[in-house]
K.L.:
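The structure that follows is given in the form of structure tokens.
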Amino acid sequence: MAKNAKKHTAECPLYKKCGGCQLQNMTYPEQLAYKQRKEERWLSKFCHVEPIIGMEDPHHYRNKVQAAFAWDQRHRKVISGVYQSGSHSIVPVNDCLIEDRKADEIIVDIRRLMTSFKMQPYDEDSRRGFLRHVLVKRGFSTGQIMVVLVTGTPMFPSRRNFLKALLELHPDITTIIQNVNPYRTNLVLGKQEQVLYGPGYIEDTLCGCTFRISAKSFYQINPVQCEKLYRTAIDYAGLTGNETLFDSYCGTGTIGIIAAKQAKNVIGVELNRDAVKDAISNAKRNDINNIRFICGDAGNFLSAIAESDEEDAHVDVIMMDPPRAGSSQEFLDSVLKLSPPKVVYVSCNPETLHRDLKYLTQYGYSCEKIQPVDMFPYTSHVETVCLMSRVEGK
Ligand code: SAH
């Protein structure tokens, strides 16, 4: 930094306490440059790394916001916010730089209503009180809003009037759910759920397809950048309508469902049973009939396919989007055995991507394109799409 250059000060006063954003000490262009360097450090030995795709406006991108509620004994009032990183104390938050504004407004109004309704926050130690967390999800393209009130007990005093008051303040809320979580746990949501208003779910659209989002279902939290990520991945797959595509680690089926119109058929593989259920209903909702989903370990599934002599063993493109730990040896060995012309790797961790690329490029693949996408501005996370193709004769 030049001698007289002013050091950028964090935009958020809670930066250090909250811990949710790691790059608050940088301007947005600095953050992008930092992420680009990180990507190049891990990946440029495989091929040229394209310039990272950033956001036009990197603020308020999170479509899912959750707040914990507690009684602040010192100031004798209810507070809501996030847990301080590595602790169980709450940092009060009214508005956050990266969260959806509307969601934050709803949470603050719920906190205000608690006072007039004499509603107590739930206390885990004494097991007294009522409201534990509030979760708000908003479909950015549909405008639909879900509010989940997570309570410590199922009894909801003055329920009708509370809902009426909340809907008067925010008539654009489309559904309200009560989730009961009486357990001593770090998990926000409990098992028991009751729809109090509206259909119990919201919908959103991504790349022209519609997805149903329930209280518990996983959905990408930055839909604006997610569209760019998915478009890049599907573009890299180079589909013409004749291909069999494997969507491995498919979550609720989003990539496969969006790609299905351009492929002959798609097989999605996912470990989480609830995500598979959502994937099946998402495919139906979009009238996609050339896709099926398998619930199981992606490595197991792929190696079973690689061992079989059936028609099933034919695959043109493997799309893979594993969690942070990257893919498994079994999965990578099966990729090499099946040896499809193209592999598209979507990764949320350049370090494990580096490890897996090293293996695949050693045994028959070459890296063609690498595109970083900034899905989580102000945090240190970076997402990457990588296209690999089979090297003939290897
Ligand atoms: N492609 C999806 C989800 C990616 S997140 C999307 O874009 O939304 C990674 C997914 O891999 C999670 O849904 C997780 O449940 C799943 N997963 C983790 N380990 C797995 C395994 N061994 N086999 C199959 N799926 C796995």
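We count residues from 1, following the sequence as given.
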K.L.:
Same hydrophobic cluster for Leu149 and Ile177, using side-chain heavy-atom links shorter than 4.5 Å among ILVMFWY?
P.N.:
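Leu149 and Ile177: separate clusters.
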
K.L.:
Taking the side chain as C-beta and beyond, is there a heavy-atom pair between Lys64 and Ile213 under 4.5 Å?
P.N.:
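No, too far: nothing below the 4.5 Å cut-off.
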
K.L.:
Consider only side-chain heavy atoms of I, L, V, M, F, W and Y, link residues closer than 4.5 Å, and tell whether Val148 and Tyr219 are in one cluster.
P.N.:
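Yes; Tyr219 is reachable from Val148 via cluster members.
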
K.L.:
Going by heavy atoms in the side chains, are His48 and Glu50 under 4.5 Å from each other?
P.N.:
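In short, these two side chains touch, coming nearer than 4.5 Å.
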
K.L.:
Taking a hydrophobic cluster as the set of Ile, Leu, Val, Met, Phe, Trp and Tyr residues connected by side-chain heavy atoms closer than 4.5 Å, whether directly or through intermediates, do Tyr230 and Phe293 fall within one such cluster?
P.N.:
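Yes.
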
K.L.:
Would a hydrophobic clustering, with Ile, Leu, Val, Met, Phe, Trp and Tyr connected at side-chain separations under 4.5 Å, put Val269 with Leu245?
P.N.:
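Shared cluster, no.
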
K.L.:
Check the pair Glu368, Ser366 against side-chain hydrogen bond (donor to acceptor under 3.5 Å, both in side chains), reporting the backbone distance first and the verdict last.
P.N.:
CA-CA 6 Å; Glu368 305 290 327; Ser366 75; 2.7 Å; yes

K.L.:
Considering all heavy atoms of both residues, which atom of Pro372 and which atom of Val382 are nearest to each other, and what is their separation?
P.N.:
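Scanning both residues completely, I find the closest heavy atoms to be CB-CG2, 4.4 Å.
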
K.L.:
List the steps and the verdict of side-chain contact (heavy atoms from CB on, under 4.5 Å) for Leu206 and Cys226.
P.N.:
CA-CA 8 Å; Leu206 266 185; Cys226 185; 4.1 Å; yes

K.L.:
Can you check whether Phe69 reaches Ile107 side chain to side chain, under 4.5 Å on heavy atoms?
P.N.:
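Yes - at least one pair of side-chain heavy atoms lies under 4.5 Å apart.
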
K.L.:
Please report the interatomic distance CD1(Ile370) to OG1(Thr232), rounded to the nearest 0.5 Å.
P.N.:
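If I round to the nearest 0.5 Å, the distance is 13.0 Å.
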
K.L.:
Between Glu227 (side chain only) and Cys207 (backbone N and O only), is there a donor and an acceptor less than 3.5 Å apart?
P.N.:
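Yes, Glu227 side chain to Cys207 backbone: donor-acceptor pair under 3.5 Å.
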
K.L.:
Decide side-chain contact (heavy atoms from CB on, under 4.5 Å) for Ser327 and Tyr345; before the verdict, give the C-alpha distance in whole Å, the side-chain angles of both, and the deciding distance to 0.1 Å.
P.N.:
CA-CA 10 Å; Ser327 194; Tyr345 195 140; 4.3 Å; yes

K.L.:
Please report the shortest heavy-atom distance between Thr244 and Val315, naming the atom on each side.
P.N.:
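Nearest heavy atoms, Thr244 then Val315: O-CG2, 3.7 Å.
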
K.L.:
Taking the side chain as every heavy atom from C-beta outward, state whether Asn282 and Thr254 have any atom pair closer than 4.5 Å.
P.N.:
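Heavy-atom side-chain distance check fails, nothing below 4.5 Å.
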
K.L.:
Judged by modelled atom types alone, do Arg132 and Asn179 share a side-chain donor-acceptor pair under 3.5 Å?
P.N.:
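No, no side-chain donor-acceptor pair sits under 3.5 Å.
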
K.L.:
What closest approach, in Å, do Ala215 and Glu193 show between heavy atoms, and which atom pair accounts for it?
P.N.:
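Here Ala215 and Glu193 meet closest at CB-OE1, 3.7 Å.
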
K.L.:
Has Glu383 got a side-chain atom pairing as donor or acceptor with Val373's backbone, closer than 3.5 angstrom?
P.N.:
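Flag not set: sc Glu383 to bb Val373 has no pair under 3.5 Å.
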
K.L.:
Between Thr175 and Gly200 (side chain of the first, backbone of the second, donor and acceptor by atom type, cut-off under 3.5 Å), is there such a pair?
P.N.:
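Yes: the side chain of Thr175 pairs with the backbone of Gly200.
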
K.L.:
What residue among Asp100, Ile110, Ile106 forms side-chain contact (heavy atoms from CB on, under 4.5 Å) with Val136?
P.N.:
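Answer after filtering Asp100, Ile110, Ile106: Ile106.
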
K.L.:
Please check if the side chain of Gln371 supplies one atom and the backbone of Val385 the other of a donor-acceptor pair under 3.5 Å.
P.N.:
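Pair absent, no side-chain N/O of Gln371 close to backbone of Val385.
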
K.L.:
Answer yes or no: is there an ion pair linking Lys35 with Asp374, defined by an N-O contact shorter than 4.0 Å?
P.N.:
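So Lys35 pairs with Asp374 through a salt bridge.
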
K.L.:
Got a second to check how far Asn186's CG is from His88's NE2, nearest 0.5 Å?
P.N.:
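Answer rounded to 0.5 Å: 7.0 Å.
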
K.L.:
In terms of ring plane angle, is the pair Tyr83 and His133 parallel, tilted or perpendicular, where the classes change at 30° and 60°?
P.N.:
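The rings of Tyr83 and His133 stand perpendicular, inter-plane angle above 60°.
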
K.L.:
Is Lys342 salt-bridged to Glu243, going by a charged N under 4.0 Å from an acidic O?
P.N.:
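Looking at Glu243 together with Lys342, the answer is no, because their closest N to O distance does not fall below 4.0 Å.
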
K.L.:
Quick one: ring pair (Phe, Tyr, Trp, His ring centres under 6.0 Å) pairs with a partner in residues 263-289, sequence neighbours left out?
P.N.:
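Sorted result for residues 263-289: empty, none.
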
K.L.:
Donor-acceptor pair, distance only, cut-off 3.5 Å: does the side chain of Asn286 make one with the backbone of Cys209?
P.N.:
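Absent.
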
K.L.:
Check Pro182 against Tyr122 and note the closest heavy-atom contact, atom names and distance.
P.N.:
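What the structure gives for the nearest pair is O-OH, 3.8 Å.
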
K.L.:
So does Pro350 get a backbone contact from the side chain of Glu39, meaning a donor-acceptor N/O pair under 3.5 Å?
P.N.:
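No, because the side chain of Glu39 does not come within donor-acceptor range (under 3.5 Å) of the backbone of Pro350.
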
K.L.:
Under 4.5 Å between any side-chain heavy atoms of Ser334 and Ile305, yes or no?
P.N.:
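Side chain of Ser334 against side chain of Ile305, heavy atoms only: no contact under 4.5 Å found.
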
K.L.:
Test salt bridge (Lys or Arg N to Asp or Glu O under 4.0 Å) on Arg324 and Glu351 and set out the steps.
P.N.:
CA-CA 9 Å; Arg324 287 190 67 73; Glu351 197 174 333; over 6 Å; no

K.L.:
Any side-chain to backbone donor/acceptor pair from Thr252 onto Asp278? Under 3.5 Å, distance only.
P.N.:
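Answer holds: no.
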
K.L.:
More than 12 heavy atoms of other residues, nucleotides or ligands under 6.0 Å from NZ of Lys17: yes or no?
P.N.:
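Not buried by this count: 12 neighbours or fewer within 6.0 Å.
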
K.L.:
Hey, what do you get for NE2 (His381) to CG (Asn222), rounding to the nearest 0.5 Å?
P.N.:
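Spacing of NE2 (His381) from CG (Asn222) equals 12.5 Å.
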
K.L.:
About how many Å separate CZ of Phe46 and CG of Leu357, when rounded to the nearest 0.5 Å?
P.N.:
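Rounded to the nearest 0.5 Å, the CG-CZ separation comes to 5.0 Å.
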
K.L.:
Report the distance from atom CG of Asn161 to atom CG of Leu113, rounding to the nearest 0.5 Å.
P.N.:
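One gets 11.0 Å once the value is rounded to the nearest 0.5 Å.
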
K.L.:
To check you understand the geometry: which heavy-atom pair defines the closest contact between Pro92 and Ile79, and what is its length?
P.N.:
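Nearest heavy atoms, Pro92 then Ile79: CG-CG2, 4.3 Å.
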
K.L.:
Give the intermediate values and the outcome of side-chain contact (heavy atoms from CB on, under 4.5 Å) for residues Phe211 and Asp204.
P.N.:
CA-CA 5 Å; Phe211 295 96; Asp204 197 22; 5.7 Å; no

K.L.:
Within the 4.5 Å heavy-atom criterion, are Tyr249 and Phe331 side-chain neighbours or not?
P.N.:
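The answer is yes, as the side chains (C-beta and beyond) meet within the 4.5 Å cut-off.
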
K.L.:
Hey, is the main chain of Ser339 close enough, under 3.5 Å, to the side chain of Arg390 for a donor-acceptor pair?
P.N.:
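Present.
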
K.L.:
Given 3.5 Å as the limit, does a donor-acceptor pair link the side chain of Glu270 with the main chain of Gly251, or not?
P.N.:
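Judged by distance alone, yes, a pair lies under 3.5 Å.
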
K.L.:
Please examine the side chains of Thr384 and Trp42, heavy atoms only from C-beta on, and report whether any two atoms are closer than 4.5 Å.
P.N.:
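They are not in contact (no side-chain heavy atoms under 4.5 Å apart), so the answer is no.
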
K.L.:
Any heavy-atom pair between the side chains of Pro340 and Tyr365 that's under 4.5 Å?
P.N.:
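A side-chain contact under 4.5 Å exists here.
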
K.L.:
Parallel, tilted or perpendicular: which fits the ring planes of Tyr61 and Phe376, with parallel below 30° and perpendicular above 60°?
P.N.:
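Answer is tilted, since the angle falls between 30° and 60°.
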
K.L.:
Taking Lys102 for the side chain and Ile145 for the main chain, is one N or O donor matched with an acceptor at less than 3.5 Å?
P.N.:
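Between the backbone of Ile145 and the side chain of Lys102 there is no qualifying donor-acceptor contact (under 3.5 Å).
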
K.L.:
Establish, from distance only, whether the side-chain atoms of Asp333 and Tyr363 form a donor-acceptor pair under 3.5 Å.
P.N.:
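No.
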
K.L.:
With side-chain contact (heavy atoms from CB on, under 4.5 Å) as the test, would you mind laying out the steps for Ile98 and Cys21 before giving the verdict?
P.N.:
CA-CA 9 Å; Ile98 63 171; Cys21 297; 3.9 Å; yes

K.L.:
Determine, for Asp104 against Arg101, whether the closest basic-nitrogen to carboxylate-oxygen distance falls under 4.0 angstrom.
P.N.:
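Answer for the salt bridge query: no.
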
K.L.:
Before you tell me yes or no, could you show the steps for Glu11 and Tyr378 under side-chain hydrogen bond (donor to acceptor under 3.5 Å, both in side chains), namely the whole-Å CA-CA distance, both residues' side-chain angles and the distance that decides it to 0.1 Å?
P.N.:
CA-CA 10 Å; Glu11 284 174 60; Tyr378 290 90; 2.6 Å; yes

K.L.:
Return the minimal non-hydrogen interatomic distance between Ala237 and Val317, and the atom names on each side.
P.N.:
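What the structure gives for the nearest pair is O-CG2, 3.8 Å.
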
K.L.:
Once rounded to the nearest 0.5 Å, what's the spacing between atom CG of Leu169 and atom NZ of Lys164?
P.N.:
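So the CG of Leu169 and the NZ of Lys164 are separated by 11.5 Å.
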
K.L.:
Applying the ring pair (Phe, Tyr, Trp, His ring centres under 6.0 Å) test to Phe162, which of Phe117, Tyr197, Phe130 qualifies?
P.N.:
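With Phe162 as partner, ring pair (Phe, Tyr, Trp, His ring centres under 6.0 Å) holds for just one option, Phe117.
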
K.L.:
Same hydrophobic cluster for Ile53 and Met375, using side-chain heavy-atom links shorter than 4.5 Å among ILVMFWY?
P.N.:
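Yes, Ile53 connects to Met375 through the hydrophobic network.
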
K.L.:
Any side-chain donor-acceptor pair under 3.5 Å between Asn300 and Glu330?
P.N.:
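Checked: Asn300/Glu330 side chains pair up, N/O donor to acceptor below 3.5 Å.
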
